[in-house]
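To start, the structure under review is shown below, and the notes come after it.
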Amino acid sequence: MSRPSPVVAPELLGCYLLRRFADGSVIRSRIVETEAYAPGDPACHAYKKQTARNAVMFGAAGYAYIYLIYGMYHCFNVVTDAEGLGSAVLIRAVELMEVPAWFTATGKWARLGSGPGKLCRVLGIDRTLNGIQLNPDQPLWLEIGPTPTQIIQTTRIGISQGVELPWRWYDPTSPAVSKPCIKKL
DNA sequence: TACGGGATCTGT
DNA sequence: CAGATCCCGTAA
């Protein structure tokens, strides 16, 4: 992951995101949608300078950058590239591999991880996990998984600058992708 | 110290 | 398409 985020982002598709809760239970999810944010990119939180909020992005690769957006949702990023370079990959959607018992009753869980805010909510990811290293000793980590047979590259979502950069990737066969096609290449 | 916008989501 | 809701960067 110690490489530029536009290189890492498509590679994270198909990888597993694992979350261990306080009671020891673990939920495995599969990453199906990512976006890259990098130095020189006006949409990147680390575009201007290092601040208290974006400090983790300037650190070493393989750490979690988590922030609060619109006062009520969290977004989870994987920090990439060398120290000093503020860059990260936003995880925009996951598929749940193991659905917790308290969900099975409710029925529709295919799209529970469909969106950066929704996946954080369902996996209980908030700012208390900001800055942790992503390894199995922590409540949040990654594992290699099978690469999708098909990957679509498009422009990013929800930003007002850097709109033209084609730094969003997703697995078109997944029902969990947040917005199937914004602008295909 | 004040102000305002933001890598979102839901219900109308 | 408006509303919820709050943190933090920027300017004063």
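Lettering of chains follows the sequences in order, A, B, ..., and the numbering in each one begins at 1.
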May I ask whether M57(A) and L90(A) are part of the same hydrophobic cluster, defined by side-chain heavy atoms of I, L, V, M, F, W, Y residues being less than 4.5 angstrom apart, directly or through others? no
Taking 5' to 3' order, which nucleotide of DNA chain B is first and which is last to have an atom within less than 4.0 Å of a heavy atom in chain A? dG6(B) to dT10(B)
Are side-chain N/O atoms of E164(A) and T155(A) paired as donor and acceptor at under 3.5 Å? no
Give G71(A) one of three labels, base, sugar-phosphate or nothing, depending on what nucleic acid heavy atoms sit under 4.0 Å from its own. base
What range of DNA chain C does chain A touch, first nucleotide to last, counting atoms under 4.0 Å from its heavy atoms? dA4(C) to dT10(C)
Looking for any heavy atom pair under 4.0 Å, which part of the strands does S160(A) touch: base, sugar-phosphate only, or nothing? sugar-phosphate
CA sep, side-chain torsions, deciding dist, call: L142(A), L18(A), side chain to side chain contact (heavy atoms under 4.5 Å, CB included): CA-CA 6 Å; L142(A) 298 168; L18(A) 292 100; over 6 Å; no
Does a salt bridge link E143(A) with R28(A), judged by any charged N lying under 4.0 Å from a carboxylate O? yes
Does some side-chain heavy atom of N130(A) sit less than 4.5 Å from a side-chain heavy atom of Y63(A)? no
Regarding R30(A) and the six-membered ring of Y16(A), is the cationic atom NZ or CZ under 6.0 Å from the ring centre and inside 45° of its axis? no
Sort and list the pairs that fulfil side-chain hydrogen bond (donor to acceptor under 3.5 Å, both in side chains) and have at least one residue in residues 35-47 of chain A, not counting sequence neighbours. E35(A)-Y37(A), D41(A)-R156(A), H45(A)-Y65(A)
Minimum side-chain heavy-atom gap N77(A)-I66(A) below 4.5 Å: no
Taking the six-membered ring of Y67(A) (Phe, Tyr or Trp), confirm whether the NZ or CZ of R53(A) is under 6.0 Å from its centre and within 45° of its axis. yes
With a cut-off of 3.5 Å and sequence neighbours excluded, list every side-chain donor-acceptor pair involving residues 114-125 of chain A.
{"unit_1": "S114(A)", "atom_1": "OG", "unit_2": "R111(A)", "atom_2": "NH2", "d": "3.0"}
{"unit_1": "S114(A)", "atom_1": "OG", "unit_2": "A176(A)", "atom_2": "O", "d": "2.9"}
{"unit_1": "K118(A)", "atom_1": "NZ", "unit_2": "R111(A)", "atom_2": "O", "d": "3.1"}

Examine L17(A) and Y73(A) and state if one hydrophobic cluster contains both, with Ile, Leu, Val, Met, Phe, Trp and Tyr joined whenever side-chain heavy atoms are less than 4.5 Å apart. no
Using a 3.5 Å limit for the pairing distances, which stems of at least 3 consecutive Watson-Crick or G-U wobble pairs does DNA chain C take part in? B:1-6 with C:6-11, B:8-11 with C:1-4
Here's a test of your reading of the structure: between L68(A) and G117(A), which maps to the more 5' nucleotide of DNA chain B? L68(A)
By a strict heavy-atom criterion of less than 4.0 Å, which residues belonging to residues 40-51 of chain A are in contact with DNA chain B? A43(A), H45(A)
Rounded distance in Å between the P positions of dG5(B) and dA2(C): 16 Å
When every non-hydrogen atom of V79(A) is compared with those of G59(A), the smallest separation belongs to CG1-O, 3.9 Å
Nearest-0.5 Å distance that lies between atom NE2 in H74(A) and atom CD1 in I69(A): 11.0 Å
Checking all strands, does L90(A) fall into the base, sugar-phosphate, or nothing category for heavy-atom contacts under 4.0 angstrom? base
